[in-house]
Structure formats: C-alpha cells, structure tokens
Engineer: 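I'd like to ask some things about the structure below.
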2 protein chains.
Amino acid sequence: MKNNLSYTEENYLKAIFSLSKKTDSAVSTNDLAGKLVTNPSSVTDMIRKLADKNLVDYKKYQGVTLSKGGKKTAISIIRSHRLWEVFLVKHLSYRWDEVHEIAEQLEHVKSETLIDHLDAFLEFPTVDPHGDPIPDKDGNMLTFTKKLLSELEINQESSIVGVRDSSDDFLKYLNNKGIAIGNSIKVVYKESFDKSLEVILNNNKVLITEEVAKNLFVKDINLKN
Amino acid sequence: MKNNLSYTEENYLKAIFSLSKKTDSAVSTNDLAGKLVTNPSSVTDMIRKLADKNLVDYKKYQGVTLSKGGKKTAISIIRSHRLWEVFLVKHLSYRWDEVHEIAEQLEHVKSETLIDHLDAFLEFPTVDPHGDPIPDKDGNMLTFTKKLLSELEINQESSIVGVRDSSDDFLKYLNNKGIAIGNSIKVVYKESFDKSLEVILNNNKVLITEEVAKNLFVKDINLKN
DNA sequence: AAAAATATTTAGATTAGTCTAAAAATTAAT
DNA sequence: ATTAATTTTTAGACTAATCTAAATATTTTT
C-alpha cells in the first residue's frame with residue numbers, strides 16, 4: 001500500500017477521476033490533455049506508466065479508466081485538497097475564491113497521518129468552501145443531489161451548494177455580491193424575456209442573470225440530505 | 001522578486017545556510033554533498049546553477065557562500081518550516097519528534113501570503129517546538145545565546161532551549177524521559193568520574209549522562225533575552 | 001465504402017537533476 | 001619540494017516528464 005507517486009502522477013489520477021465522473025465512461029487522451037494543459041503525446045506516455053503501476057486500465061485508442069486502486073488514490077487526494085481548503089478558509093482567513101491554488105500544492109504532501117489529524121482538527125467537515133463533498137477516511141462522501149439554479153422551480157426553498165464555473169472571475173463576482181455556499185435561496189419570479197430570475201437570497205430580494213443562474217448549484221431537496 | 005525555485009534548489013540554499021552558520025565560512029562541495037546525501041559532482045552542477053541565478057557566490061575550488069538574495073530566501077524557507085512545525089505540534093497534536101519530515105514538505109508550498117497568514121493564526125511564535133528561533137516577516141529572529149548543558153555552571157538556573165542532535169532516536173529518548181523545550185533546569189552536582197550530571201529538572205532530581213548533556217542546549221542567561 | 005477530418009500513438013529530442021568514472025586542482029605528508 | 005592523499009571538477013550517461021513532428025487509427029462525411 002506504499003504508493004509514492006509523483007506530483008504529476010497524482011494530478012493525472014485526479015484529472016481522470018474528474019473527467020470520468022462527468023461523462024461516466026473512459027476518458028479520451030485529448031480530453032485529458034486539455035484538462036492538464038499538455039500534449040496528447042505526453043498523456044499517452046504517462047497513461048502507459050500509470051497502467052504499468054495498475055492505477056488505470058488502458059487499451060490503445062480506447063481511452064483510460066481508473067482501476068480500483070487508482071480511484072482510491074484519486075479520492076484520497078481530493079479529500080486532502082478539500083480539507084486543506086477548509087483549513088485555509090476557516091483558520092487562515094482566506095476567502096473561498098483564493099484557496100484553490102494553495103490547496104493544489106498542499107494536497108500532495110505525503111504522510112500516513114497528516115490528513116487524518118487535519119480532519120480531526122477541523123472537526124470532520126463534510127463539505128468544502130465551494131460546497132463540494134469531502135470524502136471521509138474510507139472514501140465515502142455525501143452524495144446530495146444538486147441542480148442548477150436555472151432549473152429550480154418557483155417558490156421552492158433551497159440553498160446554494162456549489163458552483164459549476166469555478167473560475168477566479170466567477171468566484172470573485174459571487175464574493176462581491178455576497179453570495180456564498182450555504183445561503184438560502186428561493187426563486188420568486190422567472191422573467192421569460194431574458195431568463196433572469198428574481199430570487200430571495202438570505203431574505204433579500206435580488207436579481208440573478210441567466211448566466212449566473214446557469215453556474216450556481218442549489219440543493220435538490222427532493223432527495224434525502 | 002519572483003523567485004520560483006525548485007524544491008531541490010531551495011534545499012540546497014537551506015543546506016548552505018545551515019553549514020555556513022556552523023563554520024562561518026565558505027561551504028565546501030564535499031560537506032554539502034554529505035549534508036544533502038548526494039554526490040560532489042551533483043553539488044558542483046547545482047551550485048553553478050544557483051550562481052547563475054545570483055543566489056550564491058562561487059569560485060571554482062573555493063567553496064560557496066550565500067548571496068544576499070540567497071540568504072533571504074533560505075531564511076524564508078526556514079521560517080516556513082518552523083511555523084509549520086508549530087502548527088503540527090500545537091494544533092494537529094503531533095509530538096515535536098514527529099514533525100520534521102512533514103514540515104520538510106510543507107515548507108516548499110509557494111504562496112505570497114500563506115506563511116504570513118499561518119504566522120498570524122499561530123499568534124506569531126518566536127521559537128519552534130525544538131527551541132529554534134523563528135524568523136519574522138523581515139527575516140529577524142531572536143538570537144538568544146545557548147550553550148550545551150554539559151557546559152552549564154553548577155547551580156546556574158537555566159532552561160532547555162534546543163537540541164544539538166535532532167535525530168529521531170534522540171528526540172524519542174527525550175520524549176520518553178519527559179524532557180522538553182522550555183523545561184527549567186539546574187545542575188546540582190557534576191560527577192567527575194563519568195561526567196554525568198545530577199540536575200533539577202522541573203523540580204525533580206534526575207541523572208543526565210554526558211552523552212545527553214552534550215546534545216542539549218540550555219539558555220545562556222548571561223545575555224539578554 | 002472511399003475520402004476527409006480528427007484522434008491517438010510513435011519516434012526522436014530536450015531539460016532538470018542525478019550518477020559514475022576519470023581528470024585536474026589543492027592540501028598534506030614525507 | 002616532490003610524492004601521496006584528498007577534494008573538486010569535468011565528461012558522458014541515465015531517468016522522468018515533457019515537447020514537436022510524423023505516422024497510424026479511428027470516426028465522420030459524403
């Protein structure tokens with residue numbers, strides 16, 4: 001169980017995990033190259049290496065999927081990333097739109113015990129500052145369903161659980177407007193002309209453009225949790 | 001001022017800093033190779049690279065010294081290392097003999113602001129869990145003088161400020177005996193036969209062997225601070 | 001189902017950091 | 001002050017991760 005992967009190998013695993021969750025099928029060389037901002041040829045090389053280590057399953061021209069072990073590793077890196085984000089926001093007074101880059105580095109620190117200690121210190125949080133679920137020690141995480149704010153029914157009570165676009169620009173915009181994870185939200189009117197929404201956000205009436213509504217996830221309360 | 005050094009380059013700077021402080025002169029290729037557990041030839045290569053970046057001054061066969069910029073960088077890495085150690089001990093409930101390896105990794109995380117945020121969160125500590133001084137934002141640090149316990153005069157009130165040997169074995173030994181940074185200490189009798197010491201440690205009378213006394217630093221209270 | 005477009009892999013080169021073995025410089029010993 | 005021992009540097013090679021350009025597969029279009 002002593003992995004000892006390089007920084008780069010870990011990032012490939014994370015990228016494969018994230019892409020395969022979206023499409024729920026094998027990940028293409030090109031998509032991976034896009035995500036990691038590198039060349040398809042580099043991706044082929046690295047995937048081969050990961051396949052040799054049994055972290056991925058790969059057949060030429062067929063795309064790549066995570067093996068059981070690869071998935072476990074990917075999840076543990078994601079756990080580390082998200083816990084560090086909680087730490088940075090909760091204790092080092094960063095804003096949620098500032099922490100990603102630092103967490104990208106912290107997530108790779110190797111230690112058998114560090115992340116569990118951090119988890120305990122943070123009192124076992126279940127979501128990170130962007131509203132994404134944090135896997136526990138065993139890799140289990142909340143799977144509350146979410147939908148886009150643009151799809152929320154009129155007068156349905158809900159709350160903001162995440163963002164689709166996590167670009168710096170968008171996060172800063174939300175920050176300026178005082179919109180954050182956990183805020184309560186309810187759509188009171190849908191303008192059919194420009195698809196903008198009139199919503200009650202934390203008891204204030206505000207206007208949300210379609211662009212924004214399409215990039216905010218809200219809790220789908222039809223499902224448990 | 002945007003350095004962007006590699007993990008390896010940073011470790012070389014730290015090693016040069018630490019060796020040149022001990023001898024207070026240019027550091028030899030061989031000593032550096034010993035410290036970094038690598039070959040002299042590798043050291044020559046890397047020193048050249050650091051010289052090109054103006055981080056060290058180097059003339060063939062003459063050893064190497066840190067430039068002003070190199071020293072500044074080295075100190076900031078040491079600051080980072082020691083602050084992380086404080087965090088690990090104070091908040092993640094590690095023992096002081098367990099934190100070095102993790103801090104070796106954390107110290108290299110790049111961020112303009114991270115370490116200052118951490119410093120504030122920890123309430124600006126001035127010494128790390130091993131008793132070593134933590135440089136502040138501007139690189140200044142406490143310079144209280146220390147001497148070996150073996151050199152402490154009889155009946156002189158003092159306190160433990162650090163260790164000379166920071167091997168895992170020694171730190172574990174201290175831990176088992178309940179000896180820690182900050183403990184008050186006074187030598188009441190020096191046995192000339194085997195050079196062992198009878199000391200009052202935290203109000204308990206204990207026996208200290210020469211080997212241990214030669215590896216424990218105590219505060220030299222002749223000097224301020 | 002052949003041609004065109006796209007995706008993927010291969011081949012060969014590059015860079016950072018390291019290594020071994022040999023050469024050159026310095027220091028120590030006689 | 002030569003010789004011997006040690007230290008340091010040079011030369012050439014290796015590995016990981018990447019890149020460009022060319023070759024090969026696959027998919028899409030007609």
Side-chain angles (χ1 to χ4, degrees), chain A residues 2-16 19-20 22-23 25-66 70 73-74 77 104-105 107-108 110, chain B residues 2-16 19-20 22-23 25-66 70 73-74 77 104-105 107-108 110:
Chain A
K2 50 156 206 294
N3 272 321
N4 237 356
L5 301 175
S6 73
Y7 188 105
T8 310
E9 291 169 323
E10 291 189 347
N11 282 336
Y12 269 82
L13 293 180
K14 260 202 321 173
I16 297 167
L19 289 175
S20 66
K22 262 180 195 131
T23 67
S25 63
V27 175
S28 80
T29 303
N30 248 12
D31 287 356
L32 210 40
K35 175 113 182 167
L36 293 165
V37 195
T38 186
N39 296 342
S41 58
S42 306
V43 171
T44 303
D45 287 348
M46 178 55 88
I47 283 175
R48 249 197 203 118
K49 203 172 137 196
L50 294 173
D52 288 347
K53 296 188 178 188
N54 291 314
L55 292 162
V56 300
D57 298 313
Y58 167 65
K59 275 197 221 98
K60 270 198 199 183
Y61 295 101
Q62 306 286 127
V64 67
T65 54
L66 290 177
T73 303
I77 302 164
E104 284 286 309
Q105 299 177 65
E107 73 187 8
H108 298 292
K110 260 109 190 151
Chain B
K2 50 155 202 305
N3 273 320
N4 239 357
L5 301 176
S6 74
Y7 188 105
T8 310
E9 291 170 321
E10 292 189 345
N11 282 336
Y12 269 82
L13 293 180
K14 259 204 319 175
I16 297 167
L19 289 175
S20 66
K22 265 183 192 128
T23 67
S25 62
V27 174
S28 81
T29 304
N30 248 11
D31 287 356
L32 211 39
K35 175 111 183 171
L36 292 164
V37 195
T38 185
N39 296 340
S41 59
S42 307
V43 171
T44 302
D45 287 349
M46 178 54 90
I47 282 176
R48 251 202 201 111
K49 203 173 138 195
L50 294 173
D52 288 347
K53 295 188 178 187
N54 290 315
L55 292 162
V56 300
D57 298 314
Y58 167 66
K59 276 197 219 94
K60 269 196 198 183
Y61 295 99
Q62 306 287 125
V64 66
T65 55
L66 289 177
T73 304
I77 301 162
E104 283 286 309
Q105 299 176 64
E107 72 186 9
H108 299 292
K110 261 108 192 153

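We name chains A, B, ... by the order of the sequence lines, and we start the count at 1 in each one. Since the structure is predicted, the reported quantities are computational estimates derived from the model, not experimental observations.
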Engineer: What is the nucleic acid contact for B:Tyr7, judged by heavy atoms within less than 4.0 Å: base, sugar-phosphate only, or nothing?
Structural biologist: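 Answer is nothing: B:Tyr7 stays at 4.0 Å or more from every strand.
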Engineer: Closer than 4.0 Å, any side-chain N/O of B:Asn39 to the OP1 or OP2 of C:dC19?
Structural biologist: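 Yes, such a contact exists.
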Engineer: Would you mind reading off the distance between B:Asn11 atom CG and C:dT18 atom C1', rounded to a whole angstrom?
Structural biologist: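 For the pair B:Asn11 CG and C:dT18 C1', the rounded distance is 15 Å.
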Engineer: Show your reasoning for whether side chain to side chain contact (heavy atoms under 4.5 Å, CB included) applies to B:Ile77 and B:Asn11.
Structural biologist: CA-CA 9 Å; B:Ile77 301 162; B:Asn11 282 336; 5.9 Å; no
Engineer: With a 4.5 Å heavy-atom cut-off, do B:Val27 and B:Leu66 have their side chains touching?
Structural biologist: no
Engineer: Counting side-chain heavy atoms from C-beta on, which of C:dA24, D:dT26, C:dT18 comes nearest to A:Tyr61?
Structural biologist: D:dT26
Engineer: With respect to the side chain of B:Ser42, which nucleotide from C:dC19, D:dT8, D:dT18 is positioned closest?
Structural biologist: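 The closest nucleotide is C:dC19.
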Engineer: Roughly how many Å is it from CG in B:Leu32 to C1' in D:dT9, rounded to a whole number?
Structural biologist: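 About 15 Å, once rounded to whole Å.
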Engineer: For the pair made of CG in A:Asp45 and P in D:dC19, what is the distance, rounded to whole Å?
Structural biologist: 10 Å
Engineer: Out of D:dC19, D:dT18, C:dT8, which nucleotide sits closest to the side chain of A:Thr38?
Structural biologist: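 The closest nucleotide is D:dC19.
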Engineer: Choosing from D:dT9, C:dT8, D:dT18, which nucleotide comes nearest the side chain of B:Arg48?
Structural biologist: D:dT9
Engineer: Rounded off to whole Å, could you give me the OH-to-P distance for the A:Tyr58 and C:dT8 pair?
Structural biologist: 9 Å
Engineer: If the cut-off is 4.0 Å, is B:Tyr12 near the phosphate of C:dA16, judged by side-chain N/O to OP1 or OP2?
Structural biologist: no
Engineer: Between D:dC19, C:dA21, C:dT9, spot the one nearest the side chain of B:Ser41, thanks.
Structural biologist: C:dA21
Engineer: Could you give the CD-to-P distance, from A:Gln62 to D:dA25, as a whole number of Å?
Structural biologist: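 So the two atoms are 13 Å apart, to the nearest Å.
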Engineer: Hey, are the side chains of A:Leu55 and A:Leu5 touching, using non-hydrogen atoms and a 4.5 Å cut-off?
Structural biologist: yes
Engineer: Roughly how many Å is it from CG in A:Leu36 to P in C:dT8, rounded to a whole number?
Structural biologist: 14 Å
Engineer: With the side chain counted from C-beta on, respond yes when B:Thr44 and B:Tyr58 share a heavy-atom pair under 4.5 Å apart, and no when they do not.
Structural biologist: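 When only atoms from C-beta onward are counted, B:Tyr58 and B:Thr44 do touch, with a gap below 4.5 Å.
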Engineer: Looking for any heavy atom pair under 4.0 Å, which part of the strands does A:Thr29 touch: base, sugar-phosphate only, or nothing?
Structural biologist: sugar-phosphate
Engineer: Consider the side chain of A:Ser28, meaning its heavy atoms from C-beta on, and name the nucleotide among D:dT8, C:dT8, C:dC19 that approaches it most closely.
Structural biologist: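 Ranking D:dT8, C:dT8, C:dC19 by closest atom to the A:Ser28 side chain puts C:dT8 first.
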Engineer: Does A:Asn30 put a side-chain nitrogen or oxygen below 4.0 Å from OP1 or OP2 of C:dT8?
Structural biologist: yes
Engineer: Answer whether the closest heavy-atom distance between the side chains of A:Asp31 and A:Lys35 falls below 4.5 Å.
Structural biologist: no
Engineer: CG of B:Asp52 versus P of C:dA16: gap in Å, rounded?
Structural biologist: 11 Å
Engineer: With a 4.0 Å cutoff (strictly under), does any side-chain N or O of B:Lys60 reach OP1 or OP2 of D:dT10?
Structural biologist: yes
Engineer: Just the rounded figure in Å: distance from P of C:dT18 to CE of B:Met46.
Structural biologist: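 Those two atoms, CE and P, are 5 Å apart.
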